[in-house]
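Residue numbers run from 1 in the order of the sequence given. Atoms considered below: every heavy atom in the structure, side chains included; atoms not considered: hydrogens, waters and symmetry mates.
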Amino acid sequence: MKMIGDLHIHSRFSMATSKEGTPENMDFWARKKGISLIGTGDFTHPVWREELRERLKPEGNGLYRLRDEYVREESRKFPGEGTRFVVSGEISSIYKKNGKTRKVHNVIILPSLEAADAMAQRLEKIGNIHSDGRPILGLDSHDLLEMMLDVCPEGILIPAHIWTPHFSVLGAKSGFDSVEECFEELTPYVHALETGLSSDPAMNWRISKLDRYQLVSNSDAHSPSKLGREANLLDIDCSYEGLYQAIQTGEGLEGTVEFFPEEGKYHFDGHRKCGVSLSPIDVGRILRTFKIKKNVEVTDNGKIII
């Protein structure tokens, strides 16, 4: 089944989000935009999880659908079978590792609300999951992945918007120099990376160390109307298993819908006060000219080999 999937979104229980972030409004905007599969977002928040349990019905395949009595009348005019939901959420991990403060966001996707209950129960022992749908926890990303695999081996962890300077696995301000440095021996369990609004697959293909990962894109929407500004093109069995195979192996992941990277907040490097703005091509030239890292090679076509 060919579909569009947007897996990283937020409800009204996350900070700086719209009050319109309800299941029925998400369903409406997904139908309006032709998005067949969306994440629930914020599965760690107990009130949101109860609302999801009340308003969604399981399809028996790891996906959920809005109960008929909650479907807005305006939603029924759009063609298709309606929106499927998959349980998802984002964790903000802030912690010390190798002498540096790290701030990494990771998206977790799970096959059921029961698995979400179990995961939330474990996370609540680490920190506060009640005040923000995207909880900030002093939990190493490696340990978060380990916890997820222990609670639900069928779960999926995707490092979020991997190039955001302040809150991502490869962020210039608080990230790592490689995915392996972050997740250590558990790196083989990370199969996909989220490009984020400021980069696209072509930019990520320039980095040889990322070649083994599936590249996925999601809206990270803070209001339902922003759904689908980035998304995934899927040709899968409409089930959690089908989605799992697409993300973990690439089978059925046919591409992504991309926001213009140039419009993203963090697309170019530079320094505002100095009036310096560097495109990715400029950065590659600098690396090649000054050989900033001995283990970095930049080919003539701009691919960075690490």
Side-chain angles (χ1 to χ4, degrees), residues 1-14 17-43 45 47-90 107-117 133 154 156 158 216-247 251-257:
M1 179 179 178
K2 290 185 180 290
M3 64 174 69
I4 296 173
D6 186 357
L7 310 174
H8 176 187
I9 69 173
H10 291 283
S11 75
R12 68 188 187 282
F13 291 98
S14 279
T17 57
S18 167
K19 295 179 181 179
E20 298 297 309
T22 65
E24 49 267 47
N25 288 335
M26 292 174 180
D27 173 68
F28 169 80
W29 280 100
R31 292 186 190 219
K32 185 174 183 177
K33 294 189 176 188
I35 303 169
S36 302
L37 176 63
I38 61 173
T40 62
D42 301 352
F43 77 76
H45 197 280
V47 179
W48 178 239
R49 212 162 54 251
E50 283 308 305
E51 188 170 314
L52 293 173
R53 203 182 309 277
E54 173 194 345
R55 302 189 184 192
L56 302 183
K57 60 180 179 181
E59 291 199 314
N61 56 7
L63 304 181
Y64 293 78
R65 189 192 294 271
L66 191 65
R67 295 184 186 276
D68 193 61
E69 60 266 32
Y70 291 104
V71 176
R72 289 171 49 179
E73 201 57 42
E74 311 97 295
S75 301
R76 301 181 191 278
K77 68 181 181 182
F78 299 112
E81 301 178 354
T83 311
R84 269 81 170 198
F85 291 77
V86 64
V87 177
S88 69
E90 183 181 26
V107 174
I108 290 178
I109 302 172
L110 297 171
S112 68
L113 285 169
E114 289 73 25
D117 289 337
E154 302 81 20
I156 303 167
I158 304 172
V216 298
S217 295
N218 302 291
S219 68
D220 196 358
H222 284 214
S223 63
S225 64
K226 298 294 186 183
L227 282 173
R229 60 183 175 180
E230 292 204 339
N232 304 285
L233 303 175
L234 304 168
D235 186 4
I236 61 172
D237 174 59
C238 191
S239 65
Y240 183 85
E241 176 60 27
L243 178 64
Y244 183 94
Q245 291 299 322
I247 294 175
E251 180 183 349
L253 178 60
E254 295 200 331
T256 57
V257 176

State whether the side chain of [X] and the backbone N or O of [Y] hold a donor-acceptor pair below 3.5 Å, judged by distance alone.
X	Y	value
Arg229	Ser219	yes
Ser11	Gly41	no
Tyr240	Ile109	yes
Tyr64	Leu113	yes
Asn232	Gly5	yes

Write down the atom of [X], the atom of [Y], and the distance for their closest heavy-atom approach.
X	Y	value
Pro23	Leu66	CB-CD1, 3.8 Å
Glu54	Tyr70	OE2-OH, 2.6 Å
Trp48	Asp42	CD1-O, 3.2 Å
Gly242	Ser239	N-OG, 3.0 Å
Val71	Ser75	CG1-CB, 3.9 Å
Gly39	Ser88	CA-OG, 3.3 Å

Check: Between Leu243 and Leu7, does a side-chain contact (heavy atoms from CB on, under 4.5 Å) hold up when you go through it step by step?
Finding: CA-CA 10 Å; Leu243 178 64; Leu7 310 174; 4.0 Å; yes
Note to self: side-chain contact (heavy atoms from CB on, under 4.5 Å) for Arg84 and Asn61? Distances and angles first, verdict last.
What the structure shows: CA-CA 11 Å; Arg84 269 81 170 198; Asn61 56 7; over 6 Å; no
Could you measure the distance from the [atom1] atom of [X] to the [atom2] atom of [Y]? Nearest 0.5 Å is fine.
X	Y	atom1	atom2	value
Glu241	Ile236	CD	CD1	10.0 Å
Asn218	Ile38	CG	CD1	11.5 Å
Ile35	Met3	CD1	CE	12.5 Å
Gln245	Leu234	CD	CG	13.0 Å
Ile158	Glu90	CD1	CD	11.0 Å
Leu227	Asp220	CG	CG	11.0 Å

Check: Can a salt bridge be assigned to the pair Arg72 and Glu74 using a cut-off of 4.0 Å between side-chain N and carboxylate O?
Finding: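 So Arg72 pairs with Glu74 through a salt bridge.
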Check: Taking it one step at a time, do His45 and Leu52 satisfy side-chain contact (heavy atoms from CB on, under 4.5 Å)?
Finding: CA-CA 11 Å; His45 197 280; Leu52 293 173; over 6 Å; no
Item checked: From Glu51, Glu24, Glu20, residue fulfilling salt bridge (Lys or Arg N to Asp or Glu O under 4.0 Å) relative to Arg12 ->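 Of Glu51, Glu24, Glu20, salt bridge (Lys or Arg N to Asp or Glu O under 4.0 Å) with Arg12 is met by Glu51 alone.
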With a 4.5 Å cut-off on side-chain heavy atoms, are [Y] and [X] touching?
X	Y	value
Arg65	Lys57	yes
Asp68	Arg76	yes
Met26	Thr83	no

Next item on the list: Evaluate side-chain contact (heavy atoms from CB on, under 4.5 Å) for Ile4 paired with Leu233, printing each intermediate quantity in order.
Entry: CA-CA 5 Å; Ile4 296 173; Leu233 303 175; 4.0 Å; yes
Check: Do any pairs count as a side chain to side chain donor-acceptor pair (under 3.5 Å) and have a residue in residues 28-40, sequence neighbours left out, and if so which ones?
Finding: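 Side chain to side chain donor-acceptor pair (under 3.5 Å) check on residues 28-40 returns Asp27-Arg31.
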Next item on the list: Specify whether His10 and His222 have parallel, tilted or perpendicular ring planes, treating 30° as the upper limit for parallel and 60° as the lower limit for perpendicular.
Entry: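 Aromatic pair His10/His222 classed perpendicular.
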Notebook entry, point to check: Is the count of non-hydrogen atoms from other residues, nucleotides or ligands lying under 6.0 Å from Glu254 atom CD greater than 12?
Noted result: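 Result for CD/Glu254: enclosed.
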